[in-house]
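Encoded as structure tokens, the structure appears first; notes follow it.
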Amino acid sequence: MDSLQLFLDQFKARGEAETVWLKEIFGFISEHLCPELSEPAPLAADDVVTGVCAGQLSVCLVKKLQENVAVTHVLPVSYRLVSVSALLSLQHLACVSNLSWTTNQHRAWEKEVELPGHQALPRVNLLLIGCLKEGRAGEWRLTDASGSVRCECLSLSPLWLNRPVFLPHWNYIPHNALGQNHEVRGYVELIGSPALLCPGPEQGFAASPGEGAGLSRAVGVREAAGLLYNRTRGQRISVFGLVASVCPQLVVAGTTFFCFWLTDESHTVRVLVKDINRQWWTQCVYVGLSVCVTELRVCVLRGWRGNDILCVTEQSELHTNYTHTDTLLDTPPPHLMSHVDSEDCEEVEPETDKAGLRMKKSRVISYQGTVTQVVSDGAGLYVIDRKVGLCLAYQPTLRRKLRAGDSVELHHVHFLYRPCPDFPPSMLCTCLRSSLRVIAFSGVGGAPPPDSGWLPRLLLEKNTGVSEYLWTCHLSSKLAHSLVPSLLKQRSVAVLSWKLMESVWRRGRGGRRDIYSEMLDEPHTCPLSKYTTGPKVHQYLSISALIGSLYSECWSSVSLSSLLPPGGSSLSRSQLNTALAWSCRTLTSDLQDGPQTGDAPGRRPLLLVGMLELPTQTSEPTLQLRDATGAVACVVTETSPDGGQRAAFNSAWIGCLVCVEQFTMVTERFLQSDFPSYQHLDQDKYITNKHCRVYLQFSLDSLHILSPSVAMATHLGQRGEELGSDVTDRRQTLEAEETERATTASRKRRREASSVTVTTNPVGGGFRPCVSLVIRVEQKEGVAQKNTAAALKVEEAGLTRCFSVKAVVVGPVVSWGRDPKNGPVTDKEMETEQEDKVVLVLSGGSARWFPLLQPGCFYRLTAPNTQDPRVLIGRGVSGQRGVELHTDPTLQVRSDWRLHTLTRPPLQALSPTVLSVSEVLDSRSEMVCFQAQVCDRISLSDRTSSPGAGVCAGVRLTVWDQSGRTLQVYLDFSHTPYPPGLLPGNTLLLSAFQRRVSRSGGVYCRSLPVSSITVTSLGDASSARPPSAPMMHLGVWAVRDQSGIVGQVRGHVVCFLFLQLEWSCSLCGSPYLQTCSSSQCLSTSSVFQSKAKLVMDDGTGEAHVWFSGALVPPLLGLADSQWEGLQRALRVRGHIRVTPRGRSLVCDSDDPLLHFLLCVCSSDVVCRQLSLTCRKTNQQRSEEMKRFSRGERDFMTRVTPPLQLTCLHLEDV
Ligand SMILES: [Zn+2]
Ligand SMILES: [Zn+2]
């Protein structure tokens, strides 16, 4: 009888549909499964045998299906068998199949497995059958005649190998279309056990005859451990025990192997599985399983210093769930943690690292949890149970990628607490000794986005610590957003991040990893045993994130009253609003001076990465740091060849990708307000306009160059040659690296796989003709908006940014076959008998060079795509030498011309005459160029005109030099861009300023349209105080004709000349009683003002010293409460003026307040030794004639007026 008919007879089909379905099953098995089964023994080639086989298998399958299906006695006709090849080629979505689910069960399952952002896998009615076979390197594959698919299983039994099976419950995960490896097609996740079709003879438990050291002679672990020490040559042993550890499968020099540990209560033995035909055991052994392994050989493992190890032989067999007749393996399963307590785990044994980071020891634990987030599959980073990080990077990559929703069991995993602040505090990290097993497959899809495994590859190569690795991974993910694609290629990001980590963490290549001792040694040591931790780990911020946080904190970080000077409550309206008009907040990148609130951009030191570039037409005339998210203006300085700080001058920095580690973030706040008095500061209605601007200050010397520009490579190469080996370590390595990068293109291509390549600023300019001219800048004008010739072009109509530079032409125009850029100066470029001068006019696009053109520096000006030297000759010059000219010729610099700073060979620079503050004060010339440190800055509000771009139109800077003399400089910004960096503490070069003398005789300076300001050295506000004002003797000071000087005086208070306390109107300054006394004003806001004048004697002479505001209460020795009481007492009468005439004055007044103040003024508390910092008042009274009467006679005498001083600071001696 036909086997199909026999089969159909066995299951009495109800209806046509069931008959068809049964026929399909039979047909499918004949076609796809039977050929596969007969393959090893090709005797089944004829149809009859196949028919018998198909009949038996079909009966078996349908019985299994009926067993599994939810409703009994019904055939699951809605399900159909699918061949492996059809599954792989047609199923493009991840799916789940479970024959036994009812609709309700399915819904319940969906609810259970769903995760935020991840849908449960869709259900399909597909049936899978096939043979489970061994694939490459320990894979299990489900095979039928059409093909095979990889199977991932939770636990496999060796009994299932090479057997036909039916899978009742499985997930199918198709290959990721974007994945790199197309061989890795989809795979099936086997949930639960497969159902064996036509079960064969039970294998294993009955030892087959001929087995030498088979199960019958199996020994326990203790006995096996003993045999390892006293082994007999050629002896084979069988061991049973509990699996204690399963190390990951490794491939070393083409050999695939893994090892596992067997244990009993007291002993352990290690078993090495090197046989390629036993690699499938990896999926059968797991921690806690009892097994018996037969036919093991004792061998010595080359490369491992430890004891002998048991090796699997070709005859070895694995028996799982083994129970030995004699011994009951009742060792309790290892303790599993499902949550980790931070307190519990912070087991610290601090040792201090040289970088100030603490070294901690990790703890080895076992853990069970569910993957909730795939942070980076490529980097091996996950989150378990929403709060515990998992790092698998120290193990080989898993064959099956972990998905969110997977339940995992980890044994011998390292627990680390706060290894990296960018990750969850609790981190689990696996090493080569750790066992990772998936105990339940995720029910959700959502394959993680593919990312390259560059970082683990670098880790394998460089072998750094885990804290460093985690930091690099986080940085890499951030940089991938902020640098790709505009500045970097994706693959460069990993290399760049690694390089950055090495320079920031000062790390090099770690020691070699000893894989055998890591897997097999006891006690265990590995790269994860120790890790660094500390709060000072740098935090990377993108430019836009940095700017965003600074803008958002601009006003929230400050209260208006804190912006006022001491004694701010006594300021009149105009003083108050002027004091508020400009303020500044500076934060250093290490955030040491930041507010203690901790909400600022973190309390960790900050790190920025970006490319240095010239300003655009619309941005501030400073260098910029740019990444793909934004750009920020930077005030930069650089160390000049003579060692001093100066403004950035080297054009080679343009186009360099750099890391900025030390910088200052500056937020300048501009506030237009009309507060009547101090009491109104909380009322926002008085603010008419407020805005802020943000920029950075740093020195170029503190940058790490991540990818140099071509010019920088040339510059460093030249310097490297010159300095030879005589440079510091860090520089040397940097230069060596950068120089190497600048070599030929072919070498570059070869290295491209690992080096960082900047995609912008292509290496252009080579092999193109150009002409050049070497110049030395003598003087630079400030940038102004001007109507220039260039502006006549349509696209630049109207006002354009413009400045000019006066320069000396060092040599003739030279033509080149290719752009010389900043290469060394040739003799040809220098041959000249006399130096001509030229005025370079830079406007529009070429005005971008402003930040880098500095007086005293040499530049090569190149005009591309021409061989005509005339383009570089200034107008009005015939081009022949020896022509006398009365005016300097001008040269309009076109926007495509380039300027390259020349540093080699060192050219003799003639610095322009730069004066100090003292020299300016004593000078007689009208135009001055001087350098000075800013100590104070106030905005000059011009209420009649609307300030440009909302920025105050004028600024008054108080600058000083080391002698302590000060000078006031008035800057007008109504027609020029507002320069950043005019901050207390910074040193400025003020060029072409007008020196003027006021009517009172004081010297001050003011800006002219040609004036320029350059920040030459960066300081912080705390350094805006000179070392200390010089000690002055009053006798000497009185006769020295110097204004603007601040000095310290130590002397005794002789007497009070007067003391005035009053409530006055904050608006008009009139006396105030309930309301303003002025009939025009009638204001209701008042301020309390105080003034005092006394006579001071230091033994060399006398002076009259003025005190006001906040200095008065400490002068009088009054506490805050007494001072407030005094203010209250004066509310009624408005003011009081006390004029004690010497100490001996008798108080005859009835006024108790006057009496009190008279007593205070003449008390020993007030008439004491004081140390004062004073400024000599500009207007000193000239000698005058005085008339005295003595009896009947009048005497006329010439009296030298006393020295007039204003006290700035007071200290008790
Ligand atoms: Zn370890
Ligand atoms: Zn008034």
Side-chain angles (χ1 to χ4, degrees), residues 612-617 621-624 636 638 640-641 646-656 700 708-715 718 761 764-766 768-783 788 790 801-816 818-826 829-830 836-866 869 871-874 889-904 907 909 1012 1014:
L612 286 171
E613 59 174 32
L614 291 168
T616 61
Q617 179 73 330
T622 60
L623 285 183
Q624 293 184 339
V636 285
E638 184 171 9
S640 62
R646 60 187 299 176
F649 60 93
N650 196 347
S651 61
W653 286 104
I654 301 308
C656 288
L700 291 172
S709 63
V710 176
M712 181 55 80
T714 312
H715 170 69
Q718 288 167 0
N761 279 327
R768 276 195 292 165
C770 65
V771 288
S772 79
L773 181 69
V774 176
I775 56 163
R776 185 183 74 238
V777 171
E778 295 221 301
Q779 197 188 342
K780 177 169 80 164
E781 277 187 13
V783 174
T788 60
R801 201 171 270 193
C802 174
F803 76 101
S804 65
V805 159
K806 196 177 280 180
V808 169
V809 179
V810 174
V813 176
V814 175
S815 64
W816 303 81
R818 54 176 295 173
D819 192 343
K821 292 184 179 290
N822 59 336
V825 183
T826 60
E829 290 178 280
M830 300 282 283
D836 293 326
K837 295 203 173 175
V838 67
V839 174
L840 301 180
V841 178
L842 299 101
S843 63
S846 56
R848 69 184 190 277
W849 294 102
F850 183 80
L852 287 175
L853 288 177
Q854 309 299 353
C857 292
F858 288 83
Y859 299 88
R860 181 184 280 131
L861 175 66
T862 57
N865 303 323
T866 179
V871 298
L872 287 181
I873 294 170
T890 56
L891 183 60
Q892 186 81 40
V893 176
R894 293 193 212 139
S895 57
D896 61 335
W897 294 4
R898 283 191 65 92
L899 284 147
H900 289 286
T901 310
L902 297 173
T903 51
R904 294 292 174 267
L907 302 167
S1012 73
T1014 314

| Can you find a heavy atom in the side chain of Thr622 that is under 4.5 Å from one in the side chain of Val636? | no
| remark: With sequence neighbours left out, the residues meeting side-chain hydrogen bond (donor to acceptor under 3.5 Å, both in side chains) with Thr862 are none
| field | Partners passing side-chain hydrogen bond (donor to acceptor under 3.5 Å, both in side chains) against Ser651 (at least two apart in sequence or in another chain) | value | Thr901
| Set of residues satisfying salt bridge (charged side-chain N to carboxylate O under 4.0 Å, His left out) with respect to Glu781, sequence neighbours excluded | Lys786
| field | Check: Asp836 side chain, Val809 main-chain N or O, donor-acceptor pair, under 3.5 Å | value | no
| request: Grab the two heavy atoms, one from Ile654 and one from Leu623, that are nearest each other, plus how far apart they are. | output: CD1-CD2, 3.6 Å
| task | Taking the side chain as every heavy atom from C-beta outward, state whether Val805 and Val893 have any pair of such atoms under 4.5 Å apart. | result | no
| message | Rounded to the nearest 0.5 Å, what separates atom CG in Leu840 from atom NZ in Lys780? | response | 12.5 Å
| field | Modelled atom types, side-chain donor and acceptor of Gln779 and Ser1012, under 3.5 Å | value | no
| query | Hey, what do you get for CG (Leu612) to CG (Leu852), rounding to the nearest 0.5 Å? | reply | 9.5 Å
| Atom CZ in Phe858, atom CE in Met830: separation rounded to 0.5 Å? | 6.5 Å
| Student check: side-chain heavy atoms of Val710 and Lys821 closer than 4.5 Å | yes
| query | For Phe850 and Val783, which heavy atoms make the closest approach, and how far apart are they? | reply | CD1-CG2, 3.2 Å
| query | Hey, mind stepping through Leu700 and Asn650 against side-chain contact (heavy atoms from CB on, under 4.5 Å) and telling me if it holds? | reply | CA-CA 10 Å; Leu700 291 172; Asn650 196 347; 5.9 Å; no
| query | Do the non-hydrogen side-chain atoms of Leu899 and Leu853 ever get within less than 4.5 Å of each other? | reply | yes
| said: So does Pro851 get a backbone contact from the side chain of Gln854, meaning a donor-acceptor N/O pair under 3.5 Å? | reply: yes
| Heavy-atom distance under 4.5 Å between the side chains of Val771 and Val871, does that happen here? | yes
| field | Side-chain heavy atoms of Trp897 within contact of Leu872, under 4.5 Å | value | yes
| field | Trp653 side chain near Glu638 side chain, heavy-atom distance below 4.5 Å | value | yes
| Distance-only, no hydrogens or angles: does the Arg848 side chain make a donor-acceptor pair with backbone N or O of Ser895 under 3.5 Å? | yes
| said: Going by side-chain hydrogen bond (donor to acceptor under 3.5 Å, both in side chains), name the residues that satisfy it together with Ser772, two or more places apart in sequence or in a different chain. | reply: Trp816
| field | Nearest-0.5 Å distance that lies between atom CD1 in Ile775 and atom CG in Leu861 | value | 6.0 Å
| task | Please name the pair of heavy atoms, one in Arg776 and one in Val810, separated by the smallest distance, quoted to 0.1 Å. | result | N-CG2, 3.9 Å
| Do side-chain atoms of Arg860 reach the backbone of Gly823 as a donor and acceptor pair under 3.5 angstrom? | yes
| field | Atom pair CG (Leu842) and SG (Cys802), whose distance is rounded to the nearest 0.5 Å | value | 8.0 Å
| When rounded to the nearest 0.5 angstrom, what is the spacing between OG1 in Thr903 and NE2 in His715? | 4.5 Å
| Going by heavy atoms in the side chains, are Pro864 and Asp819 under 4.5 Å from each other? | no
| task | Can you see which heavy atom on Thr616 is nearest to which on Gln624, and at what distance? | result | N-NE2, 4.2 Å
| field | Any residue meeting side-chain hydrogen bond (donor to acceptor under 3.5 Å, both in side chains) with Arg646, in chain and number order, not counting sequence neighbours | value | none
| task | Using the test ring-ring contact (aromatic ring centres under 6.0 Å, His included), find all partners of Phe649 that sit at least two apart in sequence or belong to another chain. | result | none
| Of the non-hydrogen atoms in Val814 and Glu829, which two are nearest, and what is the gap between them? | CG2-CG, 3.7 Å
| request: Mark yes or no for whether Ser709, through its side chain, and Ala652, through its backbone, hold a donor-acceptor pair below 3.5 Å. | output: yes
